[in-house]
Amino acid sequence: MDYKERTVDYLAETLELDKDELRSYLEIPPQEDMGDFALPCFRYAKTFRTAPQKIAEGFAEKLGELPDFISEVRCSGAYLNLFLARGPYCREIVREALEEGEAFAASDQGEGQTVLVEFSSPNIAKPFHVGHAFSTFIGDVLSRMYDHLGYDVKRLNHLGDYGTQFGKLIVAYDRWGDEDALEASPIAELLRIYVKFHKAAELEPELDDEARARFKALEDGREEEVALWKRFRELSLEEFNRIYKRLDVSFDSTKGEAFYSDKIPAVVKDLEEKGLLVDSDGAKVVMLEEEDIPPCIVLKSDGSTIYATRDLAAAIYRYETYKFDKNIYVVGLPQSLHFKQVFAVLKKAGFDWADDCVHVGFGLVKFPPEESGGITLSTRSGNVIYLEDLLDEAVAKTKAIIVENNKDRPDPMTDEEIDETAAAIGLGAVRYTFLRSGRERDIIFRWDEILDFEGDSAPYMQYAYARAQSILRRAGDSAPERCDYEKLELSSDSEFALCREMDHIRNALEQAAEAYEPSILARQTMSLCRAFSRFYNQMPILQAEDERLRQSRLTLCRAFSSVLKTALGLLGIKTVERM
RNA sequence: GGACACGUAGCUCAGCAGGAUAGAGCAGCCGCCUCCUAAGCGGCAGGCCGAACGUUCGAAUCGUUUCGUGUCCGCCA
């Protein structure tokens, strides 16, 4: 049970205070020696017409005999500091961790509710670069979190498989395409001709008109264009699926923008009938002045569709298909105006569920300024880092470290174990790089930072897990699966701190889901591992002073392992038994 | 020009429904492997929280202004 809630209940009853008020006032003190919960009494000064310090003292006096989960109450200026009874607290957290296992921090808060998460959404015929990784990791983790909280999650990959770019690609392929190269390495070849097109179009602007015409032909269903488009699409998907498998990411539905193209006329017609479409320079737009944002273009002047049109059709289709309670778009921050417009149009068209649509934006991935003037990765310029190259690099570096460590290991790893471990750690390191900071921050892409496996990194956490597992392995049968939790003797600073961090994983998960912010969970998981490292260094476990302490600490190790595995699982980071 | 972000230690970032001496990691310096994996632990040093006003008993946190950076602002996605 939630100790904060328990404390609130107790204080509310004993001190005759309002529960909701208490809940919002009660805080966790900045320093350990100030207790586990603190009630600042400043705000009660007015109602009681007394100095805050006096109020705190008065409260302390009034509390009298303490309940068994609180060991001590102290006044410190205007603060009423409460200390949890460590023994019972640790016993309870450890018991919950072990009994709940994988379901630790799970809940049924989302029961009966459907959440859609659109993420990743790479463009066909373009490389899957580190920018797509951002959306992929954030979306994947959000999906995992909502799933853990009991929501019915649908993971959607909204492929960029339509638009004028395909006109460009078709023009480029006709001119410069190399059939053999396309077979050998499809996306690389498509990228080559795409970049070439952009260079050529600078000198020969007619190429752009030609490209628009070819896209129009594609949209009208002309055989030649459709066949090429299908081919590009399939070849690209093969490459993407290979990456998703490697990243341990899956989707419930992979539909491209093209899928929605035949649903667009009905949407346009509906907007027209509702009197929302206005002619503007030959284009059809929906005016949004009352929202104080620029108009949303629905049809271009040549009558073809635009991304907003397709997003409108997609949203409506999704509502009809899933009757979602929440519809999340994990798409880059630069598109926030676009989503505001789309949601506003939906709202204006009378779809109340527009309020349940949310754009979860994230920052840009950039090169460091000292290397490139801080330019953004861009497909058009050919200035990209392929995600696969990054993954390969990370895994290779990990492997080198493992091989080195393996030399003086009494029980060396097999080649197979080395490869598996290196993959788990390398991929974890990359994933964590994208999850550790607030998602709206830009990521400056620096190899040495991403491949730095010390400190604030996934390998640090995986290492903590491996060490805990190592101890449990060594303990063998002397570390029983089951134990009498009442006999656990855990009360030192580091043991108690570790239990607190396990407990806080639950709050972090809730907050992270609420704020669509994986970094909150990532950060707490890191904090949990730091607490374990300290415990590990301070407390002898296998060599504990007596058998009861030994059993207690082994059990704590087991509980920690379990909680950490669950938390890392939510982050999509794999654990390893040793490293 | 308008809109939205962001500006905290040398670097990367937490903290921001206002509260007790502003926290981590990296980099720097100093310690710790005869003892459970040193991808680790402990310690030192490092900050007028971009600036100025304002609200408040109290502001990194809220408001206004200002400077700086980034992104977006109609037929690319």
Side-chain angles (χ1 to χ4, degrees), chain A residues 24-25 27 29-31 34 38 40-43 45-46 51-52 76-79 81 121 123 126 160 162-165 168 208 212 257 280-285 292-302 304-308 310-311 331-338 340-341 361 363-364 366 374 376 379-380 398 401-402 405 408-409 425 429 436-438 440-444 446 448-449 452-464 466-475 519-520 523 526-527 530 533-544 553-554 557 578-579:
Chain A
S24 67
Y25 294 171
E27 57 187 38
Q31 304 271 319
M34 295 169 175
C41 299
F42 304 96
R43 287 182 182 92
K46 266 184 195 156
S76 171
Y79 291 86
N81 292 336
S121 310
N123 291 323
K126 291 191 194 168
Y162 229 45
T164 317
Q165 45 171 335
K168 293 177 184 175
D208 283 321
R212 263 191 287 277
E257 298 173 314
S280 173
D281 295 333
K284 302 266 192 203
V285 308
D292 216 26
I293 49 179
C296 179
I297 298 185
V298 176
L299 286 180
K300 298 192 275 190
S301 35
D302 67 357
S304 63
T305 62
I306 189 167
Y307 52 103
R310 296 191 279 274
D311 271 338
V331 179
L333 226 32
Q335 294 192 50
S336 47
L337 178 59
H338 162 69
K340 261 188 206 150
Q341 291 174 318
L364 265 24
K366 298 173 173 177
T376 307
T379 308
R380 289 181 192 192
T398 311
I401 295 173
I402 296 174
N405 292 347
D408 36 40
R409 206 187 276 276
I425 295 171
R436 58 184 239 177
S437 304
E440 300 203 348
R441 289 196 99 98
D442 291 346
I443 290 183
I444 311 292
R446 288 195 182 88
D448 55 345
E449 232 167 73
D452 182 356
F453 295 165
E454 282 165 29
D456 188 14
S457 71
Y460 175 96
M461 300 194 279
Q462 291 165 314
Y463 184 60
R467 294 214 283 189
Q469 288 302 102
S470 171
I471 286 181
L472 293 170
R473 266 196 308 275
R474 280 167 179 273
S519 68
I520 295 174
R523 215 160 268 293
M526 175 55 66
S527 179
R530 266 199 280 273
S533 294
R534 261 176 243 131
F535 160 69
Y536 179 95
N537 271 277
Q538 279 172 27
M539 296 287 153
I541 299 166
L542 291 172
Q543 311 295 328
R553 290 173 193 165
L554 281 170
C557 274
R578 38 187 212 151
M579 61 191 275

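Note that the structure is predicted; figures quoted are calculated from it, not measured. Within every chain, numbering begins at 1; the chains are lettered A, B, ... in the order of the sequence lines, protein sequences first and strands thereafter.
Proximity of Tyr536(A) to the phosphate of rA39(B): no side-chain N or O atom is located under 4.0 Å from OP1 or OP2. Put simply, Ser470(A) has a side-chain N or O that comes within less than 4.0 Å of OP1 or OP2 on rU37(B). Contact between the side-chain N/O atoms of Tyr463(A) and the OP1/OP2 oxygens of rA39(B) is found at a separation under 4.0 Å. Remark: Arg534(A) is in phosphate contact with rG42(B), judged by side-chain N or O atoms under 4.0 Å from OP1 or OP2.
Using a distance-only test at 3.5 Å, with no hydrogens or angles considered, a donor-acceptor pair links the side chain of Asp452(A) to the main chain of Glu454(A).
Note that the CD1 atom of Ile401(A) and the CD1 atom of Ile425(A) stand 8.5 Å from one another [nearest 0.5 Å]. For the atom pair CG (Asn537(A)) and CZ (Arg467(A)), the distance works out to 6.0 Å, reported to the nearest 0.5 Å. Interatomic distance, CZ of Arg474(A) versus CD1 of Ile471(A), reported as 9.0 Å (0.5 Å rounding). Between atom CG of residue Asp456(A) and atom OG of residue Ser437(A) there is a gap of 8.0 Å, rounded to the nearest 0.5 Å.
Of the listed nucleotides (rG74(B), rA20(B), rC41(B)), rC41(B) has the atom at the smallest distance from the side chain of Ser533(A). In the set rA20(B), rC57(B), rG70(B), the nucleotide with an atom closest to the side chain of Leu364(A) is rG70(B). When the nucleotides rC36(B), rA77(B), rG40(B) are ranked by their closest atom to the side chain of Gln165(A), rA77(B) comes out on top. Side chain of Arg474(A), nearest nucleotide from rU37(B), rG74(B), rA20(B): rU37(B). For Gln335(A), counting side-chain heavy atoms from C-beta on, the closest listed nucleotide (rA24(B), rA39(B), rA77(B)) is rA77(B). The side chain of Leu337(A) lies closest to rC72(B), out of rU37(B), rC72(B), rA77(B).
Residue Pro52(A) is out of contact with every strand shown, counting any heavy-atom pair closer than 4.0 Å. At a threshold of 4.0 angstrom between heavy atoms, the contacts of Asp448(A) with the nucleic acid are absent. Counting non-hydrogen atoms under 4.0 angstrom, Pro334(A) reaches the backbone sugars and phosphates but no base. Among the heavy atoms of the strands lying under 4.0 Å from Met34(A) is at least one base atom, whether or not backbone atoms are also near. Across all strands shown, Gln462(A) has no heavy atoms under 4.0 Å from either base or sugar-phosphate atoms.
At whole-Å resolution of the value, CG in Asp302(A) and C1' in rC76(B) are 13 Å apart.
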Checklist entry - Can you give one letter per nucleotide of nucleotides 27-35 of chain B, going 5' to 3': B for a protein heavy atom under 4.0 Å from the base, S for sugar-phosphate only, - for none? => result ---------

Next on the checklist: So if I define the base as every atom that isn't primed, P, OP1 or OP2, how would nucleotides 58-63 of chain B read as a B/S/- string at a heavy-atom cutoff under 4.0 Å?
Outcome noted: ------

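Cation-pi geometry between Arg310(A) and Tyr162(A) is not met: the NZ or CZ atom fails to fall both under 6.0 Å from the ring centre and inside 45° of the normal.
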Checklist entry - Would Val285(A) and Val298(A) count as a side chain to side chain contact (heavy atoms under 4.5 Å, CB included) if you check the C-alpha gap in whole Å, the side-chain angles of each, and the deciding distance to 0.1 Å? => result CA-CA 5 Å; Val285(A) 308; Val298(A) 176; over 6 Å; no

Next on the checklist: Could you walk me through whether Arg578(A) and Arg409(A) satisfy the side chain to side chain contact (heavy atoms under 4.5 Å, CB included) test, starting with their C-alpha distance in whole Å, then the side-chain angles of each, then the deciding distance to 0.1 Å, before giving a yes or no?
Outcome noted: CA-CA 11 Å; Arg578(A) 38 187 212 151; Arg409(A) 206 187 276 276; 3.9 Å; yes

Checklist entry - Are Cys557(A) and Tyr536(A) close enough, and set up right, to give a side chain to side chain contact (heavy atoms under 4.5 Å, CB included), and what steps lead you there? => result CA-CA 9 Å; Cys557(A) 274; Tyr536(A) 179 95; over 6 Å; no

Next on the checklist: Working note: Leu542(A) + Arg553(A), criterion side chain to side chain contact (heavy atoms under 4.5 Å, CB included); need CA distance, chi angles, decisive distance, verdict.
Outcome noted: CA-CA 8 Å; Leu542(A) 291 172; Arg553(A) 290 173 193 165; over 6 Å; no

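On a pure distance criterion of 3.5 Å, no polar donor-acceptor pair joins the side chain of Ser457(A) and the base of rG25(B).
Smallest separation of non-hydrogen atoms from Gly455(A) and Tyr460(A): O-CB, 3.1 Å.
Considering only residues two or more places apart in sequence or on other chains, Ser121(A) meets the side-chain hydrogen bond (donor to acceptor under 3.5 Å, both in side chains) condition with none of them. Taking Tyr307(A) as the reference, His338(A) meet the ring-ring contact (aromatic ring centres under 6.0 Å, His included) condition, with sequence neighbours excluded.
Between the side chains of Tyr463(A) and Ser533(A), no donor N or O sits under 3.5 Å from an acceptor N or O.
Taking a pair as Watson-Crick or G-U wobble with both distances under 3.5 Å, RNA chain B forms stems of 3 or more consecutive pairs at B:1-7 with B:67-73, B:10-13 with B:23-26, B:28-32 with B:40-44, B:50-54 with B:62-66.
Across the interface with RNA chain B, nearest-nucleotide mapping of Arg578(A) and Asn537(A) shows Arg578(A) to be the residue nearer the 5′ end.
Atom name P, nucleotides rU21(B) and rG40(B): the rounded distance is 33 Å, in whole Å. Look at the P atom in both rU61(B) and rG25(B): the space between them is 25 Å, to the nearest Å. When the P atom is used for both rC44(B) and rA60(B), the distance is 25 Å, rounded to whole Å.
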Distances under 3.5 Å only, N/O to N/O: pair up the protein atoms with those of nucleotides 4-14 of chain B.
{"residue": "rU12(B)", "atom": "O2'", "partner": "Arg436(A)", "partner atom": "NH2", "Å": "3.4"}
{"residue": "rC13(B)", "atom": "OP1", "partner": "Asp442(A)", "partner atom": "O", "Å": "3.4"}
{"residue": "rC13(B)", "atom": "O2'", "partner": "Arg523(A)", "partner atom": "NH2", "Å": "3.1"}
{"residue": "rA14(B)", "atom": "OP1", "partner": "Gly438(A)", "partner atom": "N", "Å": "2.9"}
{"residue": "rA14(B)", "atom": "OP2", "partner": "Arg441(A)", "partner atom": "NH1", "Å": "2.3"}

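Regarding the sugar-base torsion, rC62(B) falls in the anti class, its angle being beyond 90° of 0. rA17(B) takes the syn form, because its glycosidic angle lies no more than 90° either side of 0.
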